[in-house]
Amino acid sequence: VFGKDINLVLVLNNLSSDHKSVRVDMSASTILYTRRAVAEILKAATSVELGPKQGKHVRVKIPYTHYGKYLTTDKRIQVTALCEVMRTHGLKLLVEKTIILEDTNIIIKLPRRVVVNKAVSLEISYANPLPEPVSRCVLLVTLMNQQVKINLARLAPRERSKIYFEFTPRRAGPLQLQVDFSCDKFSHVKGFVTIAVAPA
């Protein structure tokens with residue numbers, strides 16, 4: 001989840017009946033959705049000794065403090081592990097994984113029934129998932145082809161807050177509400193719901 005430390009496990013298995021020494025070079029970079037690297041956030045190397053038919057786990061931790069300021073709005077991190085079996089004329093295996101960090105920031109609560117030409121109040125809650133305060137918080141609400149910009153107070157680390165948004169639907173049928181939350185440390189955290197508007 002965005003704002004938390006990332007914990008990964010690389011599993012190495014020796015399927016042979018011989019002893020193996022494996023060198024593992026690990027790296028991680030923040031990337032765009034096109035897979036273009038933005039910034040390297042981890043570089044580590046370790047050696048693992050594997051007995052016959054033995055498996056071992058290599059644990060890797062990427063703290064939020066290492067990736068936070070380099071993350072793009074795509075919220076993607078590419079992790080690679082180059083595993084080289086020593087004394088086997090350069091037998092190598094490359095393992096790659098792309099991590100897409102999830103947002104759990106926007107929660108939209110609707111009343112049980114929404115009716116044409118009756119005022120509706122929605123609860124929109126938003127959060128700072130980071131271990132540091134954020135400021136210049138802005139909520140952009142898009143509904144019925146109109147955008148409303150709401151300036152919000154700063155949020156303490158891990159703080160959740162909420163606002164109430166009132167509108168009056170003018171026609172029956174499905175209505176899409178989109179919410180976009182930005183601040184000085186991250187931007188474009190989105191949430192949306194489809195509202196079923198009943199006839200009067």
Side-chain angles (χ1 to χ4, degrees), residues 1-9 27-33 36-44 59-79 97-114 118-169 174-197:
V1 175
F2 174 59
K4 301 276 179 74
D5 295 347
I6 299 167
N7 292 292
L8 303 168
V9 178
S27 65
S29 297
T30 56
I31 59 168
L32 300 171
Y33 74 94
R36 188 168 74 79
V38 176
E40 189 172 69
I41 53 172
L42 171 80
K43 199 162 185 62
R59 297 185 186 280
V60 182
K61 182 177 183 176
I62 308 174
Y64 164 74
T65 50
H66 286 202
Y67 74 80
K69 61 177 178 271
Y70 301 112
L71 209 59
T72 69
T73 52
D74 297 326
K75 296 188 176 62
R76 290 170 188 253
I77 293 173
Q78 177 88 29
V79 182
K97 182 168 180 64
T98 300
I99 300 164
I100 302 172
L101 298 174
E102 291 178 19
D103 286 320
T104 54
N105 289 6
I106 305 285
I107 299 170
I108 304 166
K109 288 187 181 171
L110 303 171
R112 289 233 299 271
R113 189 166 155 79
V114 178
K118 268 195 159 182
V120 179
S121 184
L122 305 176
E123 182 186 290
I124 301 172
S125 84
Y126 51 95
N128 171 16
L130 308 183
E132 56 189 330
V134 296
S135 57
R136 296 200 299 276
C137 302
V138 175
L139 212 56
L140 200 60
V141 180
T142 307
L143 181 69
M144 298 186 291
N145 297 322
Q146 290 189 316
Q147 280 194 334
V148 179
K149 182 179 175 182
I150 305 163
N151 292 311
L152 307 165
R154 71 198 296 275
L155 290 172
R158 313 271 189 225
E159 183 185 0
R160 180 170 282 282
S161 190
K162 61 188 169 189
I163 62 161
Y164 292 91
F165 182 79
E166 194 170 281
F167 73 99
T168 304
L175 199 59
Q176 190 115 62
L177 171 87
Q178 185 169 315
V179 178
D180 188 312
F181 177 59
S182 294
C183 65
D184 65 332
K185 299 282 188 339
F186 55 86
S187 58
H188 304 303
V189 173
K190 296 181 188 295
F192 68 91
V193 289
T194 299
I195 304 165
V197 181

Taking all atoms of both residues into account, what is the closest heavy-atom pair of Phe167 and Met144, and its distance? CD1-CE, 3.9 Å

Applying side-chain contact (heavy atoms from CB on, under 4.5 Å), run through Tyr70 and Ile77 and close with a yes or a no. CA-CA 10 Å; Tyr70 301 112; Ile77 293 173; over 6 Å; no

For Asn7 and Arg59, run side-chain contact (heavy atoms from CB on, under 4.5 Å): C-alpha distance rounded to whole Å, both residues' side-chain angles, the deciding distance at 0.1 Å, then the answer. CA-CA 7 Å; Asn7 292 292; Arg59 297 185 186 280; over 6 Å; no

So do Leu122 and Pro111 actually touch side chain to side chain, heavy atoms under 4.5 Å? yes

Heavy-atom side-chain contact between Phe186 and Leu130 under 4.5 Å: yes

Parallel, tilted or perpendicular: ring planes of Phe181 versus Tyr126, cut at 30 and 60 degrees: tilted

Is it the case that atom CD in Gln146 sees more than 12 heavy atoms from other parts of the structure closer than 6.0 Å? no

Working for side-chain contact (heavy atoms from CB on, under 4.5 Å), residues Tyr67 and Leu101: CA-CA 11 Å; Tyr67 74 80; Leu101 298 174; 3.6 Å; yes

Distance (rounded to the nearest 0.5 Å) between Leu71 CG and Tyr64 OH: 8.5 Å

Rounding to 0.5 Å, atoms CD1 (Ile163) and CG (Leu139) come to a distance of 5.0 Å

If you compare all heavy atoms of Ala119 against all heavy atoms of Thr168, which two are closest, and at what distance to 0.1 Å? CA-OG1, 3.6 Å

For Val138 and Leu152, which heavy atoms make the closest approach, and how far apart are they? C-CD1, 4.3 Å

Candidate pair Val189 and Lys75, rule side-chain contact (heavy atoms from CB on, under 4.5 Å), full reasoning: CA-CA 10 Å; Val189 173; Lys75 296 188 176 62; 4.1 Å; yes

Taking atom CD of Gln178 and atom CD1 of Ile108, what is their separation to the nearest 0.5 Å? 9.0 Å

Say you draw a straight line from CD1 of Ile31 to CZ of Arg36; how long is it, rounded to the nearest 0.5 Å? 11.0 Å

Is the closest side-chain heavy-atom distance between Val148 and Phe165 below 4.5 Å? yes

What distance do Ile41 atom CD1 and His66 atom NE2 have between them, rounded to the nearest 0.5 Å? 9.0 Å

Side-chain donor or acceptor of Asp184 paired with backbone N/O of Ser135 under 3.5 Å: yes

Please name the pair of heavy atoms, one in Ile62 and one in Ala28, separated by the smallest distance, quoted to 0.1 Å. CD1-CB, 3.9 Å

Measure across Arg154 and Cys137 and return the closest heavy-atom pair with its distance rounded to 0.1 Å. CA-SG, 4.3 Å

Arg76 and Thr98 side chains, donor-acceptor separation under 3.5 Å: no

Which pair of heavy atoms, one from Pro169 and one from Val114, lies closest together, and at what distance? CG-CG1, 3.9 Å

Result of checking His188, Lys149, Gln147 against Asp180 for side-chain hydrogen bond (donor to acceptor under 3.5 Å, both in side chains): His188

Within the distance-only criterion (no hydrogens, no angle test), does the side chain of Lys190 pair as donor or acceptor with the backbone N or O of Ile106 below 3.5 angstrom? no

Can you list everything that forms a side-chain hydrogen bond (donor to acceptor under 3.5 Å, both in side chains) with Gln176? Sequence neighbours excluded, please. Thr194

Leu8 side chain near Ile99 side chain, heavy-atom distance below 4.5 Å: yes

